[in-house]
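The analysis underlying the following values was restricted to heavy atoms, covering all of them including side chains, and did not include hydrogens, waters or symmetry mates.
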2 protein chains.
Amino acid sequence: MGTPQLTKNQSLVMGALAHSDGPMSAYTILDKLRDHGFRAPLQVYRALDKLLEYGLVHRLESLNAFVACTCPQDHDHEHGVTAFTICEGCGQVTEFHDEAIEQRLSTLVRAQSFKTEKTTIEIRGHCKSCA
Amino acid sequence: MGTPQLTKNQSLVMGALAHSDGPMSAYTILDKLRDHGFRAPLQVYRALDKLLEYGLVHRLESLNAFVACTCPQDHDHEHGVTAFTICEGCGQVTEFHDEAIEQRLSTLVRAQSFKTEKTTIEIRGHCKSCA
DNA sequence: ATCGCCATGTAATGTTATTACATCAATTGC
DNA sequence: GCAATTGATGTAATAACATTACATGGCGAT
Ligand SMILES: [Zn+2]
Ligand SMILES: [Zn+2]
Ligand SMILES: [Zn+2]
Ligand SMILES: [Zn+2]
């Protein structure tokens, strides 16, 4: 089971995010898509829900914003824990993955007998250029 | 330099969070403090800003809510990276710290020449009781 | 007393997200 | 063919979260 065919609205939202150079809020996406017939927030939120489900998009919790996934790999399988650096200067977001962190978190959480459903790792700061 | 004496509003907000059994949104805090003269969101947000600065309170980004810090240690010094498990069932939040994760993240981020200012780690799932 | 600083009070507004309800299209079963 | 189901969509209204702007009050330093 891979990613299903995207609907019209999902494709539009995906396209907007993919062509953006940084994260966008739902309302920013809405504005970008007004020319394509978008009128209400729900059109964006519904599309985002699916795109998040398919793993094509990530939500940045500390920003209330969304980015296209930049994983090199296919999305036929769930990718593990996703982490982000987020530059306060230029808004650049970099997605990365690390097996060691995933393992360590897994160990710590298991020690609490906690069952993980979703892990958020976001690092705010300044990128090389904006230091 | 330790934590300064809290102002009246800061004390009230801190008290509300400390006596709560879980995270509270700013507006929930506001409601709890109406009897003590709170009338507007800003009174809460201003107090929270300071409490966050002093490290007495943490913001849960994935919840838009706030919790009292449960560090055993004093707050005379910054504590390192803070992580949370957040149960979707009962709302229980557990704060924890891990040197290994901190180190590993530090390494990865340095490899990007990124300068960290604040790290968010939040694990949503179900606790032992709510499995 | 005057100034500067910080905490506070209040109102208005801005931003993010959800609920409720109606409609439409494709699919399934009869 | 045609009702029933399912999933996507459209629209409006509202809820939830956060900030801006401006005015006031307390208090220590000069
Ligand atoms: Zn990704
Ligand atoms: Zn930057
Ligand atoms: Zn803490
Ligand atoms: Zn629980």
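Nearest-nucleotide assignment on DNA chain D puts the 5′-proximal partner with K8(A), out of R59(B) and K8(A).
Atom CG in D49(B) sits roughly 12 Å away from atom P in dT8(C) (whole-Å rounding). Rounded to an integer number of Å, the gap from OH of Y45(B) to P of dT10(C) is 18 Å. The CG-P distance, from L42(A) to dT14(D), rounds to 16 Å in whole Å. Atom CG of L60(B) and atom C1' of dC17(D) are 15 Å apart (whole Å). Distance CG (L33(A)) to P (dG10(D)): 12 Å, rounded to an integer number of Å. Taking atom CG of D31(A) as the reference point, atom C1' of dG14(C) lies 13 Å away to the nearest angstrom. The nearest whole Å value for the distance from the CD atom in Q10(A) to the C1' atom in dT9(D) is 11 Å. Put simply, CD1 on I29(B) is 13 Å from C1' on dA18(D), counting in whole angstrom units.
The phosphate of dA8(D) (OP1 or OP2) has no side-chain N or O of T7(A) nearer than 4.0 angstrom. Side-chain N/O atoms of Q43(B) include none lying less than 4.0 angstrom from OP1 or OP2 on dT8(C). For the pair N64(B) and dA18(D), the criterion of a side-chain N or O lying under 4.0 Å from OP1 or OP2 is met. Using a 4.0 Å cut-off, some side-chain N or O of N9(A) falls inside it from OP1 or OP2 of dG10(D).
For the residue pair E61(B) and T120(A), no side-chain donor N or O sits within less than 3.5 Å of a side-chain acceptor on the partner. Under the 3.5 Å distance criterion, with hydrogens and angles disregarded, a donor-acceptor pair is assigned to the side chains of H97(A) and E95(A).
Between R46(B) and D49(B), no side-chain nitrogen of the basic residue sits less than 4.0 Å from a carboxylate oxygen of the acidic one, so the salt-bridge criterion is not met.
A distance cut-off of 5.5 Å between ring centres, combined with a plane angle under 30°, leaves Y27(A) outside any stacking arrangement with the base of dT15(C).
The base of dG7(D) has none of its N or O atoms less than 3.5 Å from a complementary donor or acceptor on the side chain of R46(A).
Of the candidate nucleotides dT10(C), dA17(C), dT11(D), dT11(D) has the atom nearest to the side chain of A40(A).
F96(A) and F66(A) fall into different hydrophobic clusters, where Ile, Leu, Val, Met, Phe, Trp and Tyr side chains are chained together by heavy-atom contacts under 4.5 Å.
Looking at heavy-atom distances under 4.0 Å, R39(B) makes contact with sugar-phosphate atoms alone, never a base.
With rounding to the nearest 0.5 Å, the separation of CD1 in I86(A) from CD in Q92(A) is 11.0 Å.
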